[in-house]
Amino acid sequence: MSTGLRLIRLLADGDCHSGAALARRLRMTRAGVWKALHKAVEDYGLALETIPSHGYRLRGPLELLDPELILGGLCGSGRGRLARLQIHDQLDSTNERLMAAAPAGDPAGTVCLAERQTAGRGRRGRVWVSPFGTNLYLSVLWRYPVGPAGLGGVSLAAGVAVATVLHRCGLTDIGLKWPNDLLWRRRKLGGLLLEVAGEAQGPSHLVVGLGLNLRLDPDQAQGIDQPWVDLREALGAAAPGRNQLAAALIDALLEMLERFGQVGLQPYLAQWARFDLLRGKPVQLQLGERLIVGDYDGIDPDGALRLNTAAGPRSAHSGEVSLRLSASRSVNEQL
Ligand code: BTN
C-alpha cells in the first residue's frame, strides 16, 4: 500500500491528526507527510482540511473497504460460492477488470470492488460517477454453459436481488425501473450494468456490475443528468455499514447467479412485479433512433418489456424506457 493511502487510512476516522503524529506513525518526516498526503488527496479526489497548528482532517469519515469485514459478513453458502475477493484502491472500472480477466480463466464467483473508479461505466454509454471511499462499485463474474442468448432476463433477476437486500435494510420505498434501475422515491440510488461474452452455443461468462450511492456529495454529483439520492439520505442513521452492505450484496448476487443458471428468471418474476415502478403507466421506449409510445403492460416471462401501443402489443428486450412526458412535467418528476 502506498504511503499516501496509509495516511488516508489513518485519517479515515474523520478526526484531526497532527502532522507530527502522522509522521511518527509512519516513521517519516512531517514534510514527507505533507507531500504524500497532498499527492494522495489529489490522486483520489478527496477533500482535505488543514487546520492551522492542529493538523489534517478529511471532510468526513470514510469506512474503507475491508476484506476481513466483508468475508466475515458473508453467510456460509456465500463463502462457498465466493471464489476470489479483489479489493482495489483505484481502477478504471470493476466491470472492465473482470471482463478483461475472464478469458484467462478467472473462476465463477470472482468478486471485484474498488474504492474509486476512474472510468466507471453506466448503461447506454453513460459515465458512472465513482468518487473514492464512500459508495459501492461492485462486480461479480459468473460462468454458464449456455451462450449469451440463453441468459435473457438475468439483468432483471440481478435487480430483484439488490432491491431485496435494500428492502431488508429498511428501504421500504425502493423500486425498479425496467430493466434494473434502482430508484428511491423517484431518484436514482443505484444501477446495474451487465456484460456478457462467449460462444453462441456456450459457454459464456457474465459480469454483473452494481453501483450504489451510499454517500455522494453534491459537488461530486455534478455530472449526473437525473435526480439522484444516496443511502445516507434515504436511511439516515439506520444505514448499514459499507462493508456489511457489500457482504449482503455479494451474498445475494452470488446466490442469484447460481440459481439463475438452474431455474432462470421464473422465481424472480413475482418479486420483480412488486418492485416494478412503471406498472400501469403511459411510457415511451427509446430504441435507437425510434421512439415507441404505449401503455406499460409488465414484463414477459423472459424479461422483455411489454407495451400496448396504438398498433397493438409490442415486446422489447432493450432500450431506454421512461414515463411519457406531459406538457408541463419532466420524465423524472413524474416517475
Ligand atoms: C447504470 O447506468 O444504471 C448502471 C451503472 C453501473 C455502475 C457499476 S459501478 C461497478 C461496475 N463497474 C462499472 O464500470 N460499472 C458498474
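Remember, it's 1-based here, ligands and their atoms both numbered in the order they're listed. Excluded from the calculations below are hydrogen atoms, water molecules and symmetry mates; all remaining heavy atoms, backbone and side chain alike, are included. Since the model is a prediction, treat every value here as computed from it, not as a measurement.
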Asker: Relative to ligand 1, is Arg126 under 4.0 angstrom through side chain, backbone, both or neither, heavy atoms considered?
Answerer: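 Near ligand 1, Arg126 shows nothing, with every heavy atom at 4.0 Å or more.
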Asker: Looking only at protein heavy atoms, identify the closest one to atom 9 (S) of ligand 1 and say how far it is in Å.
Answerer: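 For atom 9 (S) of ligand 1, the nearest protein heavy atom is Gln117 NE2, 3.4 Å.
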Asker: Do Leu192 and Met256 share a hydrophobic cluster, counting only Ile, Leu, Val, Met, Phe, Trp and Tyr and linking them when any side-chain heavy atoms are less than 4.5 Å apart?
Answerer: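 Result: yes, single cluster for both.
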Asker: Any nitrogen or oxygen of Ser93, main chain or side chain, under 3.5 Å from a nitrogen or oxygen of ligand 1?
Answerer: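 So ligand 1 has an N or O lying under 3.5 Å from an N or O of Ser93.
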Asker: At less than 4.0 angstrom from any non-hydrogen atom of Gly120, what atoms of ligand 1 do you find?
Answerer: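 By the 4.0 Å cutoff, the relevant atoms are 14 (O).
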Asker: Any idea which atoms of ligand 1 are less than 4.0 Å away from a heavy-atom of Leu192?
Answerer: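 By the 4.0 Å cutoff, the relevant atoms are 4 (C).
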Asker: Where is the nearest protein heavy atom to atom 5 (C) of ligand 1: which residue, which atom, and how far?
Answerer: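 Of every protein heavy atom, Trp128 CE3, 3.4 Å lies nearest to atom 5 (C) of ligand 1.
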Asker: Heavy-atom distance to atom 7 (C) of ligand 1: which of Arg121, Arg124, Glu195 wins?
Answerer: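 Result: the heavy atom closest to atom 7 (C) of ligand 1 is in Arg121.
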Asker: Please verify the inter-ring angle class for Tyr44 with Phe132; under 30° counts as parallel, over 60° as perpendicular, anything in between as tilted.
Answerer: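 Plane angle between 30° and 60°, so tilted.
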Asker: Any link between Ile87 and Leu214 through a network of hydrophobic side chains (Ile, Leu, Val, Met, Phe, Trp, Tyr) touching at under 4.5 Å?
Answerer: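 Linked within one cluster.
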Asker: Can you hop from Ile224 to Leu231 via hydrophobic side chains spaced under 4.5 Å?
Answerer: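 No, no single cluster joins them.
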Asker: Indicate whether any N or O donor in one side chain lies under 3.5 Å from an N or O acceptor in the other, for Asp276 and Tyr296.
Answerer: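 Checked: Asp276/Tyr296 side chains pair up, N/O donor to acceptor below 3.5 Å.
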Asker: Who's the nearest protein heavy-atom neighbour of atom 2 (O) of ligand 1, and how far?
Answerer: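 Among all protein heavy atoms, the one nearest atom 2 (O) of ligand 1 is Arg123 N, 2.7 Å.
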Asker: Considering heavy atoms of the protein only, find what lies nearest to atom 3 (O) of ligand 1 and give residue, atom and distance to 0.1 Å.
Answerer: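 Of every protein heavy atom, Lys188 NZ, 2.6 Å lies nearest to atom 3 (O) of ligand 1.
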Asker: Determine whether any heavy atom of Glu96 lies closer than 4.0 Å to an atom of ligand 1.
Answerer: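 Glu96: no contact with ligand 1 (<4.0 Å).
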Asker: First locate atom CG of Asp181, then atom CG of Leu278, and finally report the distance between them rounded to the nearest 0.5 Å.
Answerer: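 Those atoms lie 9.5 Å apart.
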Asker: Short list, please: which atoms of ligand 1 are under 4.0 Å from a heavy atom of Thr94?
Answerer: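 Selected atoms, number and element: 10 (C), 11 (C), 12 (N).
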Asker: Would a single hydrophobic cluster contain both Trp128 and Leu98, if residues Ile, Leu, Val, Met, Phe, Trp and Tyr are joined by side-chain heavy-atom contacts under 4.5 Å?
Answerer: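 No, because Leu98 and Trp128 fall into different hydrophobic clusters, even though each may have its own neighbours under 4.5 Å.
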Asker: Have a look at ligand 1 and work out which part of Asp181, if any, has a heavy atom under 4.0 Å from it: side chain, backbone, both or neither.
Answerer: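 The side chain, only.
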Asker: Would Leu189 and Leu171 count as a side-chain contact (heavy atoms from CB on, under 4.5 Å) here? Give the steps.
Answerer: CA-CA 11 Å; Leu189 179 69; Leu171 210 57; 3.5 Å; yes
